[in-house]
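The structure under discussion appears below in the form of structure tokens.
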Amino acid sequence: QVQLVESGGGLVQPGGSLRLSCAASGIAFSIRAMGWYRQAPGKERELVATISSVGRANYPDSVKGRFTISRDNAKNTVYLQMNNLKPEDTAVYYCNRDPSYTSYPWGQGTQVTVSS
């Protein structure tokens with residue numbers, strides 16, 4: 001049974017940082033390209049970072065230079081380090097497969113709120 005469990009969200013002031021974690025089970029994690037996504041109220045889910053099985057990362061311009069995705073295959077965990085957070089980063093954040101592949105069932109996500 002595939003399970004993705006996101007954690008690490010919270011309330012942070014603009015300019016602050018958070019580190020999100022996503023623990024995966026029931027999948028061959030080490031060979032899967034993974035991604036972080038977010039969905040703000042009233043908006044569609046968007047991709048914010050991907051990482052290949054060998055650690056190659058990609059980001060959209062909206063987060064490039066501020067977000068860093070990484071993975072620990074020994075722990076079946078993917079991380080998202082978010083720095084210099086902005087109010088527009090407020091959203092529920094999810095992890096899943098790279099969008100080039102059929103997604104796994106979505107987890108519950110973790111709420112990130114950037115506000116002063």
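The analysis underlying the following values was restricted to heavy atoms, covering all of them including side chains, and did not include hydrogens, waters or symmetry mates. One is the number of the first residue; the rest follow in order along the sequence.
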What do the steps show when you test Gln81 against Ser17 for side-chain contact (heavy atoms from CB on, under 4.5 Å), and what is the final call? CA-CA 7 Å; Gln81 176 68 43; Ser17 298; 3.9 Å; yes

Distance under 6.0 Å and angle within 45° of ring axis: Arg19 vs Tyr79: yes

Going hydrophobic residue to hydrophobic residue with side-chain gaps under 4.5 angstrom, can you get from Val2 over to Val78? yes

Keeping to residues at least two apart or across chains, list the salt bridge (Lys or Arg N to Asp or Glu O under 4.0 Å) pairs with something in residues 45-59. Arg38-Glu46

Would you say the ring centroid of Phe67 lies under 6.0 angstrom from that of Trp36? no

About how many Å separate OG of Ser115 and CG of Leu85, when rounded to the nearest 0.5 Å? 12.0 Å

Is any side-chain heavy atom of Tyr94 less than 4.5 Å from a side-chain heavy atom of Glu6? yes

Using a 6.0 Å distance limit plus a 45 degree cone around the ring axis, check whether Arg32 lies over the aromatic ring of Tyr104. no

Check this for me: does any side-chain nitrogen of one of Asp89 and Lys86 sit under 4.0 Å from a carboxylate oxygen of the other? no

Are Ile69 and Tyr59 close enough, and set up right, to give a side-chain contact (heavy atoms from CB on, under 4.5 Å), and what steps lead you there? CA-CA 9 Å; Ile69 188 171; Tyr59 311 91; 3.5 Å; yes

Do Leu4 and Asn96 come close enough that some side-chain heavy atom pair is under 4.5 Å? yes

Pair Asp72, Thr77: side-chain N/O donor-acceptor within cut-off below 3.5 Å: no

Cluster overlap Val92 with Tyr37, hydrophobic side-chain contacts below 4.5 Å: yes

